[in-house]
Novice: 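Quick one: the structure is below, questions incoming.
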Amino acid sequence: MTLGTRAGLEMGAATRDAFGRALQEIGSSNKDVVVVDGDVANSTRAEWFGKDNPDRFFNVGIAESNLIGVAAGLAACGKVPVAASFAAFLLCNAYDQIRMSIAFPKMNVKLVGSHAGISIGEDGPSQMGIEDVALACALPGTVVMVPADEHSARKATQQMVEHVGPTYLRVGRSGVPVIYDENADFKIGKANTLRDGSDVTLVANGLMVSAALDAAEILAGEGITARVLDMHTVKPVDEAALRAAAVDTKGIVVAEEHLHHGGLGSVVAMTVARTNPCRMDFVDLGDQFAKSGDGDALLEEFGLTGEKIAEKARAIAKG
Amino acid sequence: MTGTQGAPDFDQLAGLAKSLRKDVLIMTSEAGSGHPTSSMSAVEVMTALYFGGIMRYDASNPQKRDRDRFILSKGHAAPILYAVLAEAGYIQKDQLNTLRRIDSPLEGHPNMLRVPGVEASTGSLGQGLSMGLGHALNAKLDGLDYNVYVMMGDGEVQQGQVWEAAMAAANFGASNLIAIVDQNGYQQTAPVTSVTDPNTYAEKFRAFGWNTVDIDGHDLHATHKALVDATNYSSGPSAIIARTKKGKGVSFLEEDFTWHGRGVPKDQLDAALEELG
């Protein structure tokens, strides 16, 4: 992966691996945690929990609707079910079940969607969750998290279990650059400022945080200082950080590995539009499906790069 | 385990069934909408379940961990659930006539956050059996001995999720899960037979690994026996196909699916109540 190289970041583990390890750790002490799987636990890494706790691990088969209902029933009994599958299958296949069996009755279910984004590569569009954040954000009362690296994914997993109420955690398949150390500061709803700057603000989550740091490095070489916010929580979004960015800098570029409509970009735009309208631009997948191919090459082809973020930020900073 | 606590007084149950049917008619008439006919078909099953000594519950402690659970997956039959919950002491009887009002917790479809004794928020068909399976699996995790009863409609089982849950429940050996299909013969716009053949449901559940029985769902003796047997069955989940009539008890409502979402107009209510006796 070329992401993060300009910013001098080292490659690390995939966020799904970090989720799997964290879940395994949490499972050994918190006996209320159960996992409901749709026969993809080796992919989501929920299998590590399952091997340690076979009695608290339920593979309901390739049946996401039922997966969600079973998780809801267990939650109604006081358990803390982690319902993990591919982001595309979980959110898209079982959306009405998530809406009615989990969100509406406020069930304490932890939805985890792996294989999010186009960086999964060769398996192609059917497996790529690219609308999951929009769908999750549309569920009333649901926390939506998109961690950027292994350390923040571990913290996100811990906070997800501690939080009472429905949550959605998005994790990716491929290794991503390491941004934080093991003590990563991670608080639901609180953006992390990774770099300060006064010309423009780059807001990103997931693997696009590394791209944003690359962009900041490129811009710095041109004398443009960029503030970089890791907006790991899309909902509830850190409104204060966004308002400050809108006031302190000339505008905001939002970068995400997601469709244009309804993701982080929409949330940021709605937030600043209310009190502090500013110049904005967006780096995302636009309004299209991707295709099969090498993950890095796909990111490049679909413009999910530091260069693209820098290009849009430059226009704002100079405008 | 056994859910039986001796033979019930069937005359008393019959009287109760009649009174619950009247509650349904009155509250939906008052509300001006709702699903009286889908509720009336389910009356005997729910009467036997709640008042025939099958289900163990404590209305003063609705969240008691080892309570038996009832999930109304066919959530549009909310009126009969509310009538039963009032009779069982979870809610006040005088609340029934607030059905569907903006200031009432008795919403058009059951909301578990607002009404004690409602175990699941339903209304989008096909989801209750999965939730019931979650409750059933929890019993084993917590070392508790309780049963979960899930009532579905015969149109509802057209939902694929029902069969996902059926497959999984058999695989998990969830013998504390009992599905009841209220086979009243009609869905919203047509007889069920015009879409799927409900007479094959018992066979289908059997093929999915379930213990099944097909009964007259308005015969309290048969209904009670089927519930006792299903509760006592310990080798896997059980399904009771209860053959019923939509709108049972009132001739002008029976098997006329155009009444599906309508309350009986006030000028016809007395005639309907009179027919029930």
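Protein chains get the first letters and strands the later ones, always in sequence-line order, with residue 1 at the start of each. All values reported here derive from a predicted model rather than from experimental measurement. Just so you know, these numbers use all the heavy atoms, side chains as well, and skip hydrogens, waters and symmetry mates.
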Novice: With a 4.5 angstrom heavy-atom cut-off, is it the side chain or the backbone of B/R69 that approaches chain A, or both, or neither?
Specialist: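 The side chain, not the backbone.
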Novice: Near A/K31 NZ, under 6.0 Å, is it more than 12 heavy atoms from other residues, nucleotides or ligands?
Specialist: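 It does: A/K31 NZ has more than 12 such atoms within range.
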Novice: Decide yes or no for B/F172 and A/V70: does some side-chain heavy atom of the first lie under 4.5 Å from some side-chain heavy atom of the second?
Specialist: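 In short, these two side chains do not touch, never coming nearer than 4.5 Å.
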Novice: Using the rule given for side chain to side chain contact (heavy atoms under 4.5 Å, CB included), can you reason through A/M107 versus B/S121, listing the C-alpha separation, both sets of side-chain angles and the distance that settles it, and then say yes or no?
Specialist: CA-CA 11 Å; A/M107 287 292 115; B/S121 296; over 6 Å; no
Novice: Looking at every heavy atom in both A/S101 and B/M131, which two are closest together, and how far apart are they?
Specialist: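 Where A/S101 meets B/M131 most closely, the heavy atoms are OG-CE, 3.5 Å.
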Novice: If every non-hydrogen atom of B/G123 is compared with every non-hydrogen atom of A/M100, which pair is closest and at what distance?
Specialist: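 It is N-CE, 4.4 Å.
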Novice: Is the shortest distance from a Lys or Arg side-chain nitrogen in B/D142 or A/K79 to a carboxylate oxygen in the other one below 4.0 Å?
Specialist: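 Salt bridge between B/D142 and A/K79, a charged N being under 4.0 Å from a carboxylate O: yes.
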Novice: A side-chain contact here means heavy atoms from C-beta on lying under 4.5 Å apart; do A/D96 and B/Q127 qualify?
Specialist: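 A side-chain contact exists here, since the closest heavy-atom pair is under 4.5 Å.
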Novice: Are more than 12 heavy atoms, taken from residues, nucleotides or ligands other than B/R114, located less than 6.0 Å from that residue's CZ atom?
Specialist: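 It does: B/R114 CZ has more than 12 such atoms within range.
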Novice: Do B/L141 and A/L74 come within less than 4.5 Å of each other through their side chains, counting heavy atoms only?
Specialist: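 Yes, their side chains come closer than 4.5 Å.
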Novice: Just give me the residue among A/I62, A/N66, A/L67, A/V34 that pairs up with chain B most often, heavy atom to heavy atom, under 4.5 Å.
Specialist: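 Highest number of pairs under 4.5 Å: A/N66.
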Novice: Counting only heavy atoms not in A/R99, do more than 12 fall under 6.0 Å of its CZ?
Specialist: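 No, CZ of A/R99 has 12 or fewer neighbouring heavy atoms, counting only those of other groups under 6.0 Å.
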Novice: Does CD in B/Q92 sit with more than 12 non-hydrogen atoms of other residues, nucleotides or ligands closer than 6.0 Å?
Specialist: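 Result for CD/B/Q92: open.
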Novice: Between atom CG of B/L113 and atom CZ of A/F104, what is the distance when rounded to the nearest 0.5 Å?
Specialist: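 That separation rounds to 7.0 Å.
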Novice: Which bit of B/A120 is near chain A, if near means a heavy-atom gap under 4.5 Å: side chain, backbone, both or neither?
Specialist: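 B/A120 has no heavy atom closer than 4.5 Å to chain A.
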Novice: How long is the gap from OH on B/Y146 to SG on A/C77, to the nearest 0.5 Å?
Specialist: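 One finds 4.0 Å between OH of B/Y146 and SG of A/C77.
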Novice: Using a cut-off of 6.0 Å, state whether more than 12 heavy atoms not belonging to B/E203 lie near its atom CD.
Specialist: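 Incorrect, the count does not exceed 12.
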